[in-house]
Asker: 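My structure is below; once you've seen it, I'll send some questions.
Below, chain A is the first sequence line, B the second, and so on; all start at residue 1.
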Number of protein chains: 2
Amino acid sequence: MANIQQIAKKAGVSVATVSRVLNNATSVTPKTRSKVEHAINELNYEPSMLGRNLRNSESRQILVLLPGISNPFYSEIINGIQTTAIANNYNILLCETDSKPERENIYFNMVKNKLADGVISMDPTVNMKKLKKLAEKHPVILCSEYEKGGSIPYVTIDSELAAYQVVKHLIRLGNEKVALINSDEKFLYARLRRSGYERALKEFNLPLKSEWIYHTKNLDFQQGVQAMRMLLQLEEKPSAVFAVSDTLAIGALKAINLEPGHPSIAVVGFDNISFSNMTNPTLTTVSQPMHQMGCLAVEMLLSKMKNEKVDSIVLEHELIIRESTMG
Amino acid sequence: MANIQQIAKKAGVSVATVSRVLNNATSVTPKTRSKVEHAINELNYEPSMLGRNLRNSESRQILVLLPGISNPFYSEIINGIQTTAIANNYNILLCETDSKPERENIYFNMVKNKLADGVISMDPTVNMKKLKKLAEKHPVILCSEYEKGGSIPYVTIDSELAAYQVVKHLIRLGNEKVALINSDEKFLYARLRRSGYERALKEFNLPLKSEWIYHTKNLDFQQGVQAMRMLLQLEEKPSAVFAVSDTLAIGALKAINLEPGHPSIAVVGFDNISFSNMTNPTLTTVSQPMHQMGCLAVEMLLSKMKNEKVDSIVLEHELIIRESTMG
DNA sequence: CCTCCCTTTGTAATCCGTTACATTCATTAT
DNA sequence: ATAATGAATGTAACGGATTACAAAGGGAGG
């Protein structure tokens, strides 16, 4: 592959001029420009990004940190990220951490090494202390999971309110025994959703029973199945269940379907992943604007890169009522 | 961030020596090495990948081309790719083409630009002509979708055989009217699965009815729903359906569930995505070793990069029988 | 004590674009 | 015709690491 010198030579100009043509700088005579373009076509030249990146000290890559892509929730956000990134001439470096700290280290180093110009973290399992350290010197945006009152800008929804609305909806349908399938409460979103759950129960003077709160290890379907099985074994069974993720909720539906007698238990999920409309019954859930969140995260990151002031954003969610809460 | 010169100065050695320490070259005195390491720690130095990459003329990045990550089939392959890539000090550049040629161009240029050292394509919609052109000068591996008799090495399964086995299984269960929900037959896998479908029917002397073959626009659930609706409107309804993707099959199940009278129609999918075990009824499907496919694709690519001869691999699949074919 | 040889270390070229600054060229005003 | 002005182009330094080759250091043998 040819380099810029060869083009310059072939076109009978200097490398500076070639560079100017490449970057559509002004001040290049049409005649010169066409000479250069000719040479470029002739030699089939493509400027080396490696050289350019070194010189410009940027990689035009965005690191996207997430625990894993098996949860469709992330796929849709990534879609938004990718679209906006490409539109701005950036590429995304996908990093599934699998919640392994050693992977995190690898990726954080890539940022320090300038292999990525900024980071969008959607990983609730991220080591926030390290991330904050990184954010002191590099642009970082949190997407979905965030840190309250922290220094890193985020784009998210109001999880507490959403959970409150979900549970209120269940109560209004006549459910006095509402269980919560929550994930590990080391995650902020889990604490917030629990808090919303409790607020609604208190508001209606319903008792808070600790047996009705189940904590899962992760968000896999199977965890939802297991959680629901536990709840179904209780002496006093809940009549409704709020799961903090659609994947868990779908698992819960499965467990209910497997139960002899098919007990009628209302189920609500969270995220509105595309599957949630395919289950039987279809799943009532909270819709997050995932695509938009991805787009905004990139825009915020780009602003941050330009050293502009970036404010956090809380987007609107929506309760999507489907069959799983319609008896 | 410090550079190698500053380390050299601080440690009182030359840049060459620092570089040797960084790359654990032999022939560095323990004393010198510790001096250098000291300086590195002192200044918190991280070697710049940009400089290194330029010099080495490699990016240690692998481009992964796929139509989109919304289909969980791809997520699992990516997981395998990522694990193996990281183990070999590579990173993956995720490229959802959304089946848009202009995106493809962007990404192909990245390879020419050395922003990626090789390509793993899982995109059936890829422009094969361009990809082959690219493969002449750069390492390329096809994963899942491939080209028969083409020059690019691939890792895949025997789709024709799998489809044949699926349909045979359905026939043995007593189904004489087996429909096929296929995707666009411009894709090789679609042609192969159809071919397997036809082979089984012929073997049992069953008629091939063109009304029983439905072609979808893509693999979204909704397409499966629509396909099944069409099939249910036929005068002579099929008693079983083979969908070439779990997502389509799940849509088909949905459509059947929505139908008044809940007709009993056997359904088989393809891919064994994790959700296929959560549907009601659970879905009979063909399991592809997705994780392994991803791992192998990377290993093949690494071999190719070392200019070793790389043979294509056809992996074993497995028919997973679940409730959707159990009456 | 000197030479030879091997190991460790240093020097400088190289990878490829970008851009500040210098230079050339053409045009307009005087 | 000449100076002044501005536009177009060229020169060379620079970003940060790697490595071929050169040089220096150290030890052994005579």
Asker: Under a 3.5 Å cutoff, is there a donor and acceptor pairing between the side chains of B:Lys114 and B:Asn53?
Answerer: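 There is no such pair between these side chains.
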Asker: What is the nucleic acid contact for A:Val15, judged by heavy atoms within less than 4.0 Å: base, sugar-phosphate only, or nothing?
Answerer: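 The answer is base, as A:Val15 lies within the cut-off (heavy atoms under 4.0 Å) of a base atom.
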Asker: Will you find, in the side chains of A:Asp271 and A:Gln288, an N or O donor that is under 3.5 Å from an N or O acceptor?
Answerer: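 Side-chain D/A pair, A:Asp271 to A:Gln288: present.
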Asker: Just the rounded figure in Å: distance from P of C:dT19 to CD1 of A:Ile4.
Answerer: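 So the two atoms are 11 Å apart, to the nearest Å.
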Asker: Please report the distance, rounded to the nearest Å, between CG in A:Leu115 and P in D:dG15.
Answerer: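 Checked: the CG to P distance equals 19 Å.
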Asker: CG of A:Leu22 versus P of C:dT19: gap in Å, rounded?
Answerer: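 One finds 12 Å between P of C:dT19 and CG of A:Leu22, rounded.
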Asker: With a cut-off of less than 4.0 Å, is there a side-chain N or O of B:Thr29 near OP1 or OP2 of C:dT9?
Answerer: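 For C:dT9, OP1 or OP2 has a side-chain N or O of B:Thr29 closer than 4.0 Å.
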Asker: Under 4.0 Å between a side-chain N/O of B:Ser19 and OP1 or OP2 of D:dT18, yes or no?
Answerer: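 True: B:Ser19 side-chain N/O within range (under 4.0 Å) of D:dT18 OP1/OP2.
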Asker: Can you tell me if A:Ser14 touches the phosphate of D:dT9, counting only side-chain N or O atoms and a distance under 4.0 Å to OP1 or OP2?
Answerer: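 False: A:Ser14 side-chain N/O out of range (4.0 Å or more) of D:dT9 OP1/OP2.
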Asker: Whole angstroms only, please: what is the NZ-C1' distance between A:Lys114 and D:dG16?
Answerer: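 Rounded to the whole Å, the gap is 11 Å.
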Asker: Tell me if the side-chain of A:Arg55 makes a donor-acceptor pair with the base of D:dC14, cut-off 3.5 Å, by modelled atom types.
Answerer: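 Present.
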Asker: With a 3.5 Å cut-off and no angle check, do the side chains of B:Ser121 and B:Asp123 form a donor-acceptor pair?
Answerer: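 Side chains of B:Ser121 and B:Asp123: no pair found under 3.5 Å.
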Asker: So, does the side chain of B:Arg20 form a donor-acceptor pair with the base of C:dG10 at under 3.5 Å?
Answerer: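 Such a pair exists between side chain and base.
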Asker: Rounded to the nearest Å, what distance is computed from the CG atom of residue B:Leu54 to the P atom of nucleotide D:dC14?
Answerer: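 So the two atoms are 17 Å apart, to the nearest Å.
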Asker: Assign B:Asn23 to base, sugar-phosphate, or nothing according to its heavy-atom contacts below 4.0 angstrom with the strands shown.
Answerer: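 B:Asn23: backbone/sugar contact only, no base atoms under 4.0 Å.
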Asker: So, is A:Tyr45 close to the C:dC16 phosphate, meaning a side-chain N or O under 4.0 Å from OP1 or OP2?
Answerer: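 So the side chain of A:Tyr45 is outside the cut-off, no N or O lying under 4.0 Å from OP1 or OP2 of C:dC16.
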Asker: So, B:Asn105 versus B:Lys130: side-chain donor-acceptor pair below 3.5 Å or not?
Answerer: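 B:Lys130 and B:Asn105 do have a side-chain donor-acceptor pair below 3.5 Å.
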Asker: Can you tell me how far P of D:dG15 sits from CD of B:Gln5, to the nearest Å?
Answerer: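 Those two atoms, CD and P, are 9 Å apart.
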Asker: For A:Thr17, which contact category applies under a 4.0 Å heavy-atom criterion: base, sugar-phosphate, or nothing?
Answerer: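 Sugar-phosphate, backbone atoms only, no base.
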Asker: Without hydrogens or angle criteria, can the side chains of B:Thr156 and B:Tyr189 be said to hold a donor-acceptor pair below 3.5 Å?
Answerer: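 Side-chain D/A pair, B:Thr156 to B:Tyr189: absent.
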Asker: For A:Asn113 and D:dG15, what is the distance between atoms CG and C1' respectively, to the nearest whole Å?
Answerer: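 So the two atoms are 15 Å apart, to the nearest Å.
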Asker: What is the separation between atom CD on A:Glu46 and atom P on C:dC15, rounded to the nearest whole Å?
Answerer: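 My rounded result for the distance is 20 Å.
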